[in-house]
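What follows is a set of notes on a single structure, which appears directly below.
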There are 2 protein chains.
Amino acid sequence: MADVTIQHVAKAAGVSPSTVSNLLNGRAHLMLPETRQRVEQAIEELGYQPNRSARNLRTGRTRTIGLVVPSVGNPFWGTFARYVESAALAEGYNVLLCNSERDPNREQRYIEELWSDGIRGLVLCSSLPSLDHVSALMKRGLQMVAFDRTAQIGDPDTLVSISIDNTVGSELATTHLTGLGHQRLAFVSGALGSVNRKDRFRGFAAALERAGLPSEGTLWPGAAEQRFGDVESAELGRQAARELLSADEPPTGIVAINDMCALGVCRGVRDAGLEVAKDVSVVGFDDIVLADLYDPPLTTVRQPMQDMAAMAISELKARVEDSGTSHGRSLLLRPELIVRESTAPPRADR
Amino acid sequence: MADVTIQHVAKAAGVSPSTVSNLLNGRAHLMLPETRQRVEQAIEELGYQPNRSARNLRTGRTRTIGLVVPSVGNPFWGTFARYVESAALAEGYNVLLCNSERDPNREQRYIEELWSDGIRGLVLCSSLPSLDHVSALMKRGLQMVAFDRTAQIGDPDTLVSISIDNTVGSELATTHLTGLGHQRLAFVSGALGSVNRKDRFRGFAAALERAGLPSEGTLWPGAAEQRFGDVESAELGRQAARELLSADEPPTGIVAINDMCALGVCRGVRDAGLEVAKDVSVVGFDDIVLADLYDPPLTTVRQPMQDMAAMAISELKARVEDSGTSHGRSLLLRPELIVRESTAPPRADR
DNA sequence: TTCGTTCACTGTAACGTTGCAGTGACAGTA
DNA sequence: TACTGTCACTGCAACGTTACAGTGAACGAA
């Protein structure tokens with residue numbers, strides 16, 4: 001119960017707290033080897049762990065960065081969180097992981113809590129188009145990397161954006177379908193609230209245009225007003241597929257906003273008594289682990305997650321440690337189309 | 001950059017820091033309404049956020065609990081983390097989420113870091129059979145709930161264990177298969193290192209015995225020495241299915257250690273040119289979101305996650321706040337078999 | 001008038017750590 | 001012998017907050 005403090009260690013080793021502190025902070029050369037050994041032994045025997053609150057208070061620094069994701073219930077974010085954590089650990093940082101559940105209030109509350117915990121570096125995976133709710137803290141010195149969100153006009157000056165080029169990714173996916181000969185395509189998504197969702201639709205429309213196809217009416221209207229979380233997006237895809245496939249001239253190719261949604265679409269295709277690939281081609285986005293395990297394995301657009309996580313951490317580390325007048329920048333990585341078995345040429349009779 | 005402290009607020013409002021502190025700590029009745037308003041306005045205008053390190057240092061309390069999971073890359077843990085977080089938030093607590101990656105050193109390191117952050121309540125989802133590495137901290141007052149791990153002989157006195165009855169769950173799954181008429185069953189798992197994996201195999205064997213079937217040779221030997229992480233367990237299932245189904249007398253029913261593994265098994269079944277349910281029945285464990293989305297939807301054993309998360313938090317809260325001489329206990333919840341379409345009677349000709 | 005009480009606020013001493021500015025002992029130099 | 005330097009260590013003040021004890025003004029009662 002009674003915590004072991006640096007004083008207890010000092011007394012046990014017969015030195016002053018300062019000496020213990022010196023040892024703890026890499027100044028072991030300031031003492032005799034035998035003193036050092038006595039102190040180390042005392043630390044060991046008492047099981048002393050420095051009180052981090054006191055240390056943070058005193059030094060003003062923290063070896064912790066914050067990570068805010070929409071939901072770890074989504075394997076995409078879960079996987080990303082692991083990469084970020086590994087990258088941070090390798091740089092000597094800890095990660096504090098928070099779930100915003102795509103709720104702006106919760107997101108803001110978490111960020112303020114991280115700030116008051118002394119955290120000055122943050123990786124934010126926000127669904128929100130505007131960053132107004134954090135710009136005040138950024139002015140005070142919060143360093144931030146926005147992930148999976150391309151830079152916007154009104155963004156804070158020092159913001160770093162790391163993202164794939166969503167427009168290109170979506171074009172890649174869509175062009176794959178048009179290249180296979182599909183003429184009637186649909187885009188399935190929840191409300192296009194976030195920047196990258198808009199970009200993905202833009203890429204989809206651009207690819208259609210390039211193939212000489214109309215883009216009107218290709219956006220599934222079912223979710224326009226709804227707010228689907230990540231877990232529910234599969235259910236949304238299922239519903240969308242059922243509705244789309246019961247139309248007079250159903251689409252033969254469907255581009256989904258992400259893999260969870262695409263898996264739902266595949267399920268909906270089956271619900272409608274059809275077969276994925278043979279009757280309807282489906283493309284996802286993200287390349288989550290399950291994309292390759294699904295039946296049929298999902299054609300999808302892969303994000304280089306590990307690289308992106310490493311970049312996020314190294315940007316943050318540099319900024320938190322230097323705190324020079326580092327300006328914002330934007331890193332757009334190229335996505336990669338992974339062709340598996342959920343896409344095929346359209347059937348001749350459809 | 002320059003942080004706003006309670007002193008700045010006090011000066012701006014023309015009061016002492018004590019008065020600001022009183023307002024902050026729910027003692028607003030100690031001041032005039034007009035004073036209160038002045039202070040509130042100053043807080044608002046300066047954007048003051050109390051420094052949590054200082055507060056923790058001073059009070060010795062923390063409104064944060066720790067959550068250590070094997071890997072948020074696994075949707076099972078991701079989902080659980082969300083439930084824990086929601087339950088904690090509802091009780092006024094924050095959650096600090098850590099990934100052990102099933103690495104004992106990393107797990108211990110995280111727990112010690114949580115302790116030195118002033119955290120005194122922890123939900124541990126450990127894969128390790130022994131809790132020796134945390135018992136020292138528990139003696140000093142760390143309150144801990146072990147999740148998904150049944151109580152063991154050598155456990156610390158104050159430990160709370162919350163788990164489903166894994167043996168019963170596995171019996172439920174296996175009896176479902178024998179009830180359908182399956183005679184040749186296999187159990188697919190990575191190394192049976194953890195308590196609950198052993199229990200699940202025990203339940204599997206017990207069900208076989210009850211059905212008058214031999215249990216020798218039913219444990220897939222492929223992973224005995226390997227250490228598979230959660231993400232890789234799907235790959236393991238795939239490999240297991242391929243190997244098992246190429247035998248002379250292949251099993252007609254497979255019980256997998258968890259859903260990710262079961263999904264891998266399904267994929268392996270297809271790799272072998274067979275069909276899930278029709279040729280080989282597959283049962284999983286956990287009922288992750290994807291179980292219902294898979295094709296075919298997976299028959300699996302469901303854990304009442306939300307209830308378990310709420311119980312974990314309320315136990316922890318009571319213990320952290322009272323810190324009376326609360327003794328350990330063990331809560332075993334009953335799992336539920338969810339029958340979907342990955343199981344069917346064996347084919348007559350096999 | 002004097003005493004006591006209430007009220008609205010403030011002063012102060014911690015909490016555990018850090019890192020600079022000492023301090024005294026001792027050795028080496030002039 | 002006196003001075004200078006190095007060495008090994010220590011004293012002290014601060015970081016921002018909290019909560020208890022304390023203060024002085026205003027008012028009511030005897």
Side-chain angles (χ1 to χ4, degrees), chain A residues 1-40 42-43 46-63 112-113 115-120 140-141, chain B residues 1-40 42-43 46-63 112-113 115-120 140-141:
Chain A
M1 199 67 226
D3 274 17
V4 181
T5 73
I6 202 169
Q7 271 86 5
H8 298 129
V9 175
K11 191 170 284 180
V15 295
S16 75
S18 299
T19 300
V20 182
S21 173
N22 281 336
L23 176 57
L24 254 33
N25 292 76
R27 285 182 291 264
H29 60 278
L30 291 179
M31 66 202 72
L32 290 177
E34 59 188 27
T35 307
R36 173 188 176 155
Q37 203 179 337
R38 270 202 334 277
V39 175
E40 279 172 343
I43 289 175
L46 297 173
Y48 168 69
Q49 290 282 127
N51 178 317
R52 196 117 57 150
S53 296
R55 180 178 271 186
N56 287 348
L57 176 61
R58 178 60 234 247
T59 63
R61 315 181 220 106
T62 311
R63 298 293 287 180
E112 282 168 0
E113 267 165 9
W115 173 264
S116 77
D117 267 339
I119 286 166
R120 295 298 175 261
R140 295 219 194 126
Chain B
M1 199 65 228
D3 274 17
V4 181
T5 73
I6 203 170
Q7 271 86 5
H8 298 128
V9 175
K11 190 170 285 180
V15 295
S16 74
S18 300
T19 300
V20 181
S21 173
N22 281 335
L23 176 58
L24 254 35
N25 292 75
R27 285 181 290 263
H29 59 278
L30 291 178
M31 66 202 72
L32 290 178
E34 59 188 26
T35 306
R36 173 187 177 156
Q37 204 180 336
R38 270 202 335 276
V39 175
E40 279 171 344
I43 289 175
L46 298 173
Y48 168 70
Q49 289 283 127
N51 178 316
R52 196 116 58 151
S53 296
R55 180 178 271 186
N56 287 348
L57 177 59
R58 180 59 235 249
T59 63
R61 312 179 225 109
T62 310
R63 299 293 287 179
E112 281 169 0
E113 267 165 10
W115 173 264
S116 76
D117 267 340
I119 286 166
R120 295 297 174 263
R140 295 219 194 126

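Every chain is numbered from 1, with letters handed out A, B, ... down the list of sequences. Worth knowing before you read on, the calculation uses all heavy atoms, side chains too, and leaves out hydrogens, waters and symmetry mates.
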task = Any chance you could list the contact pattern along nucleotides 5-13 of chain D? Use B for base contacts, S for sugar-phosphate-only contacts and - for none, protein heavy atoms under 4.0 Å, 5' to 3'.
result = ---SSBBBB

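- At whole-Å resolution of the value, CG in B/Asp117 and P in C/dT17 are 13 Å apart.
- For B/Arg120, the salt bridge (Lys or Arg N to Asp or Glu O under 4.0 Å) partners two or more places apart in sequence, or in a different chain, are A/Asp3.
- Note: CD (A/Gln49) to P (C/dT17) measures 11 Å, nearest angstrom.
- Nearest approach of B/Ala10 to B/Ser16, heavy atoms of both residues: CB-C, 3.6 Å.
- With sequence neighbours left out, A/Glu112 forms a side-chain contact (heavy atoms from CB on, under 4.5 Å) with A/Gln108, A/Leu137, B/Gln49.
- For A/Arg55, the salt bridge (Lys or Arg N to Asp or Glu O under 4.0 Å) test picks out no residue, with sequence neighbours left out.
- Taking atom CZ of B/Arg63 as the reference point, atom P of D/dT17 lies 19 Å away to the nearest angstrom.
- In this structure, A/Leu23 places its CG atom 14 Å from C1' of C/dT17, rounding to the nearest Å.
- Atoms CZ (B/Arg61) and P (D/dG16) sit 21 Å apart, rounded to a whole Å.
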ask   = Between A/Thr62 and A/Asp117, does a side chain to side chain contact (heavy atoms under 4.5 Å, CB included) hold up when you go through it step by step?
value = CA-CA 9 Å; A/Thr62 311; A/Asp117 267 339; over 6 Å; no

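- Residues meeting the salt bridge (Lys or Arg N to Asp or Glu O under 4.0 Å) test with A/Glu40, sequence neighbours left out: A/Arg36.
- Look at A/Arg55 and you won't find any side-chain N or O under 4.0 angstrom from OP1 or OP2 of C/dG16.
- Within 4.0 Å of B/Asn56, counting heavy atoms only, lies no atom of the nucleic acid at all.
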Would you tabulate the pairs of protein nitrogen or oxygen atoms and nucleotide nitrogen or oxygen atoms of nucleotides 23-28 of chain C closer than 3.5 angstrom?
none

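- A/Ile6 has its CD1 atom 14 Å from the C1' atom of C/dC15, to the nearest Å.
- With sequence neighbours excluded, the residues that form a side-chain contact (heavy atoms from CB on, under 4.5 Å) with B/Leu46 are B/Val4, B/His8, B/Val9, B/Ala12.
- If you take CD of B/Gln7 and P of C/dT10, they are 13 Å apart, rounded to a whole angstrom.
- Under the salt bridge (Lys or Arg N to Asp or Glu O under 4.0 Å) criterion, B/Arg38 pairs with no residue at all, not counting sequence neighbours.
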Please report, to 0.1 Å, the donor-acceptor pairs under 3.5 Å made by any side chain of residues 17-31 of chain A, with sequence neighbours excluded.
{"residue": "A/Asn22", "atom": "OD1", "partner": "A/Arg27", "partner atom": "NE", "Å": "3.0"}
{"residue": "A/Asn22", "atom": "ND2", "partner": "A/Ser18", "partner atom": "O", "Å": "3.4"}

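- Here C/dC15 presents its P atom at 9 Å from CG of B/Leu57, a figure rounded to the nearest Å.
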